[in-house]
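To keep things clear, I will list the structure first and then write my remarks on it.
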Amino acid sequence: MTSTKQMIVSAFSTAFKKYFYNELVVGKLAHSEMKDNINKGDEVDITMPGMVRLFDYDGGDLPTAETATISTCKVKIDRGKAFHFELSEVEEKMLEKSQGEPAKMVDLAKDYTEDAIKQFAAAVDASYANLYTRAGHYLDDGGKAITLTPEIAKDIFAYMQAKFQRGDGKGHTNWLDGNMICVIPPEYQFYLGKMEDLKYTEKGKEEIAKGYIGSLCGWDILVSNNIAQPESGVFYPMFGVKDKTLAGGVSSNLNTVFYTPEKNFNTCYKGYGLFGVGAPRADMLGTVKISAPLSVKA
């Protein structure tokens, strides 16, 4: 018979798989795949969304069908996060009572693992954000950071819209209506919030609810604390296509085990998660070097 403690471990793993993607913000630009049986240092294949080619048609029979182009990105699993916590006997009994209701048990397990899930997702997000150096569309002020004003904050969105819509000049555009995402730091949001013509909404779209604050120039705007900030006061907001710009491989679970320490009646749980990230579509990635000093005038 499966022990209560093992069922708790299983519930923790299920909660991680169920709620991890909801915690990603920068990761909304990525096609992330959960991988089983991976070790630190492994290289995994991430299959990006496929593409098809159009050709001139002048009538008659069509040529033999081509296989849709599937892009594969190799990502090295080179990062990890670990956790170690203790559950009291009372907390274990609460989880034990919910054994007959798997959904309730997973939700209870989420209560205990929520912080670990959030921190792990934030670590993945921060790694994605630091891929700004691969951006195909880049904007700065002659090498210096652009100092934001409300007007410039809006102009940047319009500039990036034009860059993505232009594409390669051969009919291929990087603009996909309804799938364009920009992730900005809270400092940038401060400047956008001063604009009368940007109507923020507190309720985000269901599929990108976390971090969503509104739309501008065709971009769905998300806010994240994890945007890259390699220099003090300088940020690199990211522009890209939902699920298609970046790539990531993530542990399919948090490799949780339980044990009871000597001279202790409470059970301890420990585990770790591994991940790696990549930027296979630099042409679908944009960033801007900005400075966004905060000040409030009476």
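The analysis underlying the following values was restricted to heavy atoms, covering all of them including side chains, and did not include hydrogens, waters or symmetry mates. All figures in this text were calculated on a predicted structure; none of them were measured in a lab.
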* To do: Keeping the roles fixed (side chain from K242, backbone from I181), state whether a donor-acceptor pair exists under 3.5 Å.
  => no
* Structure fact -> What one should report as the nearest heavy-atom pair of V25 and V183 is CG1-CG1, 4.0 Å
* Asked: Is the side chain of D141 donor-acceptor paired with the backbone N or O of K144 at a distance under 3.5 Å, no angle test?
  -> no
* **Residue pair V75 / E33, side-chain heavy-atom distance below 4.5 Å** => no
* Y159 backbone acceptor or donor facing K163 side chain under 3.5 Å -> no
* Measure the NZ-OG distance between K28 and S224 for me, rounded to the nearest 0.5 Å. => 10.0 Å
* Determine yes or no for a side-chain-to-main-chain donor-acceptor pair under 3.5 angstrom, with N255 supplying the side chain and Y272 the backbone. => yes
* Flag side-chain contact, heavy atom, 4.5 Å: H31 against L246 -> no
* To do: Taking all non-hydrogen atoms of both residues into account, name the closest pair between I184 and I227 and its distance.
  => C-CG1, 3.9 Å
* Structure fact -> In this structure, CG of N253 is separated from OG1 of T14 (nearest 0.5 Å) by 9.5 Å
* Asked: Who passes side chain to side chain donor-acceptor pair (under 3.5 Å) against D177, sequence neighbours left out?
  -> W175
* **Derivation and outcome, side chain to side chain contact (heavy atoms under 4.5 Å, CB included), residues R281 and V241** => CA-CA 10 Å; R281 294 303 306 269; V241 185; over 6 Å; no
* Structure fact -> One should read off an interatomic distance between C217 SG and Q165 CD, to the nearest 0.5 angstrom, of 9.5 Å
* L24, M34: one ILVMFWY side-chain cluster at the under-4.5 Å cut-off? -> yes
* M48 to C73 - nearest heavy-atom pair and separation -> CG-CB, 4.4 Å
* **Derivation and outcome, side chain to side chain contact (heavy atoms under 4.5 Å, CB included), residues I213 and L222** => CA-CA 6 Å; I213 59 167; L222 308 181; over 6 Å; no
* Structure fact -> So the side chain to side chain donor-acceptor pair (under 3.5 Å) pairs with at least one residue in residues 74-86 (sequence neighbours excluded) are D45-K74, R79-S127, H84-Y259, E86-N264, E86-N266
* **Polar side-chain atom of S251 near backbone of L274 as donor-acceptor pair, under 3.5 Å** => yes
* Asked: Nearest 0.5 Å, what's the CD1-CE distance between I221 and M180?
  -> 13.0 Å
* Does atom CG of D155 have more than 12 heavy-atom neighbours from other groups under 6.0 Å away? -> yes
* Kindly work out whether a path of hydrophobic side-chain contacts (I/L/V/M/F/W/Y, heavy atoms less than 4.5 Å apart) joins Y188 to Y138. => no
* To do: Using a 4.5 Å cut-off on heavy atoms from C-beta on, say whether the side chain of V44 contacts that of I77.
  => yes
* Spacing of CG belonging to D42 relative to NZ belonging to K35, to within rounding of 0.5 Å -> 11.0 Å
* Asked: When you measure from the side chain of T149 to the backbone N and O of I152, does any donor-acceptor pair fall under 3.5 Å?
  -> yes
* Is there a side-chain contact between F190 and P293 (heavy atoms, below 4.5 Å)? -> no
* Hey, does the side chain of D125 reach the backbone of N226 with a donor-acceptor pair shorter than 3.5 angstrom? -> no
* So, the side chain of E23 versus the backbone of I117: is there a donor-acceptor pair under 3.5 Å, distance only? -> no
* To do: Might you point out which heavy atoms bring C268 and P261 nearest each other, and give the distance in Å?
  => SG-CG, 3.5 Å
* Which distance, rounded to the nearest 0.5 Å, do you find between the OG of S291 and the CD of E231? -> 10.0 Å
* To do: Compare every heavy atom of L29 with every heavy atom of M238, then report the nearest pair and how far apart it is.
  => CB-CD1, 4.2 Å
* Can you list the steps and then say if I46 with T72 is a side chain to side chain contact (heavy atoms under 4.5 Å, CB included)? -> CA-CA 6 Å; I46 306 299; T72 300; over 6 Å; no
* Side-chain donor-acceptor pair present, Y128, S32, cut-off under 3.5 Å -> yes
* Hey, does the side chain of T267 reach the backbone of T260 with a donor-acceptor pair shorter than 3.5 angstrom? -> no
* V234 vs K289, side chain to side chain contact (heavy atoms under 4.5 Å, CB included): CA-CA, chis, key distance, verdict -> CA-CA 7 Å; V234 174; K289 186 178 183 180; 3.7 Å; yes
* Asked: Closest approach of L139 and I156, non-hydrogen atoms and distance?
  -> CD2-CG1, 4.4 Å
* Asked: Would a 4.5 Å heavy-atom cut-off, applied to side chains only, mark V9 and V257 as touching?
  -> no
* To do: Could you tell me whether Y269 and F83 have their ring centroids closer than 6.0 angstrom?
  => no
* Asked: Is there side-chain contact between Y212 and D220, with heavy atoms separated by less than 4.5 Å?
  -> yes
* **Ring-ring centroid check F239 H137, cutoff 6.0 Å** => no
* Asked: Got a donor-acceptor contact below 3.5 angstrom from the T287 side chain to the P237 backbone?
  -> yes
* Quick one: ring-ring contact (aromatic ring centres under 6.0 Å, His included) partners of Y132, sequence neighbours excluded? -> Y236
